[in-house]
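See structure below.
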Amino acid sequence: MRNLFILLSSGVAAAFLGVSPVSAQSQQPLLADSFRLGQGGGVLCQVQTRGRDPAIAGIFDRAWSIVCRDSARPVGKLYALRGDAASVGARLSELRKAEAACSDATNEAIEGLGAANASTCQLTGAAVGYKVLSVTRGGIIWVAEGLAAYDSALKLGLRTVIADRIVPGKVEVATSAVDDPVAFARVQAGTLDPDQALAEGYRRNNSGNYAEAAEFFDTLQQRMTGSAAEKERLGEYLINRALQKSNLGDVAEADALFKEARAYPLNDRVQSRLRRNFEAVHLLNQQRYDDALVRLDEPVAPIGLVARLPGSAIEIGAQVAAEINSGIPINQRLGATESTSLTSEERAQ
């Protein structure tokens, strides 16, 4: 009786929310404009319908793009195309030839699907792997293609659209399988949001992958469009490029980049400290310990004191107000969450 009550309660709750118990537990991806890829952690990826994809040749053809949180542009594509397998393959090959060069297809086993046609490719102009997978089911050619490092997303996406249900699985970026990590870093730096690319560059530096970190900061500088916000970051990109060159032992180029960065006056409390610290590290890399101590003693822009109000008055600044507002239930439902990034004051300290 207790189990029956629990089941009935679940049904009432689902009905109250306007969703049937069955649909609350399952979703039909082929009827959705977008859906989450996989379940159980890993990189968060979303599949989105592409109604204007050039591969679509009829009203029954479907196309989707795979977008992941760690990339600002799609990492892969999914297709459900009707027609002869040879003609469909030729059409897709013609569309991708400007982006990647592919080898002849071989067989590869995919969990839940069996054998699939698989082609290994390489992006044009970069030593970064690209992959194409295809399966024929019921007169439909199902295709997944995209960056080889996102192989798990391609396979999971293919299994999901063929099964027309959310298939459990985890998306992981297989950077260990990348033939040229530096080239892959260059591609990532060009696809990530600038803030994410900057953070990833710092992570590569902290993990000792200096050549990859250098690609992130170099690409970020090349991507600049001339906006005021970007100009404020030019100095940060330059000193980070200089630091990577120093870490790699290229002292002359590091000196030149630090000199170029000094042409930009600094009144910012964070950037002035970054420049001081990075130049000190550059001197340490050369075993110039006394010079590094002298550089660390040079003055930088003050952090500043918080203005104290008389009596027991309390002032709520913009940062504190944003944190408070993010905890309001309506803002949580709208997607506003508490920030986990450091404030300017915290970063300067």
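The structure displayed is predicted, hence computed values, not measured ones. Side chains are part of it too, since the values below use all heavy atoms of this structure and drop only hydrogens, waters and symmetry mates.
- Side-chain contact between Glu236 and Leu198 is present, with heavy atoms from C-beta onward closer than 4.5 Å.
- Between Leu92 and Leu81 the shortest side-chain heavy-atom distance falls below 4.5 Å.
- Of the possible polar contacts, none joining the Ser93 side chain to the Gly89 backbone as a donor-acceptor pair under 3.5 Å is found.
- Tyr210 and Phe278 end up in different hydrophobic clusters when Ile, Leu, Val, Met, Phe, Trp and Tyr side chains are linked at under 4.5 Å.
- The shortest distance between side-chain heavy atoms of Asn277 and Leu296 falls below 4.5 Å.
- In this structure, Leu243 CG and Arg241 CZ are separated by 12.5 Å, a value rounded to the nearest 0.5 Å.
- The CG atom of Leu220 sits 11.0 Å away from the CG atom of Leu234 when rounded to the nearest 0.5 Å.
- Partner of Gln244 under the side-chain hydrogen bond (donor to acceptor under 3.5 Å, both in side chains) criterion, chosen from Asn205, Asp218, Asn209: Asn205.
- Within a 6.0 Å sphere centred on CG of Asn206, heavy atoms belonging to other residues, nucleotides or ligands number more than 12.
- Counting only heavy atoms from C-beta outward, the side chains of Asn117 and Asn107 approach each other to under 4.5 Å.
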Is there a side-chain contact (heavy atoms from CB on, under 4.5 Å) between Leu147 and Leu123? Walk through the geometry before answering.
CA-CA 9 Å; Leu147 296 177; Leu123 291 182; 3.8 Å; yes
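- Closest approach of Ala100 and Cys121 over heavy atoms only: CB-CB, 4.2 Å.
- Ring geometry for Trp142 versus Trp64: interplanar angle under 30°, hence parallel rather than tilted (30 to 60°).
- When the shell of 6.0 Å around CD of Glu111 is examined, it contains 12 or fewer heavy atoms from other residues, nucleotides or ligands.
- For the residue pair Ile239 and Arg275, the shortest heavy atom distance occurs at CD1-N, 3.8 Å.
- No side-chain heavy atom of Asp104 sits under 4.5 Å from any side-chain heavy atom of Ser119.
- Separating the CD atom in Glu94 from the CZ atom in Arg91 is a distance of 11.5 Å, to the nearest 0.5 Å.
- The distance from atom CG of Asn285 to atom CG of Asp250, rounded to the nearest 0.5 Å, is 12.0 Å.
- No donor-acceptor distance shorter than 3.5 angstrom exists from the side chain of Ser246 to the backbone of Ala242, with no hydrogens or angles considered.
- We find the CG-CZ distance between Leu293 and Arg288 to be 12.5 Å, quoted to the nearest 0.5 Å.
- Using a 4.5 Å heavy-atom cutoff, the side chains of Glu99 and Thr124 are not in contact.
- The stretch residues 46-60 participates, sequence neighbours left out, in these side-chain hydrogen bond (donor to acceptor under 3.5 Å, both in side chains) pairs: Arg50-Asp53, Asp53-Tyr79.
- For Phe217 and Tyr202, the distance between ring centers is under 6.0 angstrom.
- The hydrophobic clustering, which links ILVMFWY residues whose side-chain heavy atoms are closer than 4.5 Å, places Phe216 and Leu248 apart.
- Residue Ala153 comes nearest to Leu37 through the heavy atom pair O-CD2, 3.5 Å, listed as atom of the first residue, atom of the second, then distance.
- Note on Val88: it clusters hydrophobically with Leu113, by side-chain heavy-atom contacts below 4.5 Å among ILVMFWY residues.
- Using a cut-off of 4.0 Å between Lys/Arg side-chain N and Asp/Glu carboxylate O, Lys155 and Glu108 are scored as salt-bridged.
- For the pairing with Leu158, the side-chain contact (heavy atoms from CB on, under 4.5 Å) check across Ile162, Leu156, Leu154 returns one residue only, Ile162.
- A salt bridge links Glu298 with Arg295: at least one charged nitrogen is closer than 4.0 Å to a carboxylate oxygen.
- Between Asp61 and Arg82, the shortest heavy-atom contact is OD1-N, 3.0 Å.
- Between atom CG of residue Leu31 and atom CG of residue Asp164 there is a gap of 6.0 Å, rounded to the nearest 0.5 Å.
- Heavy atoms from other residues, nucleotides or ligands lying under 6.0 Å from CG of Asp84 number more than 12.
- Cluster membership for Val281 and Val300, using ILVMFWY side-chain heavy atoms within less than 4.5 angstrom, is not shared.
- At a threshold of 4.5 Å between non-hydrogen side-chain atoms, the residues Leu30 and Phe35 do not count as touching.
- Shown here is Lys245, whose NZ atom has no more than 12 heavy atoms of other residues, nucleotides or ligands within 6.0 Å.
- Nearest heavy atom pair, residue Cys102 against residue Arg96, reads SG-CD, 3.8 Å.
- Between Cys68 and Ile66 there is a side-chain heavy-atom pair separated by less than 4.5 Å.
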Trace of the side-chain contact (heavy atoms from CB on, under 4.5 Å) decision for Thr160 with Val47:
CA-CA 10 Å; Thr160 299; Val47 177; over 6 Å; no
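- Asp255 and His282 make their closest contact through OD1-NE2, 2.7 Å (heavy atoms, listed as atom of the first residue, atom of the second, distance).
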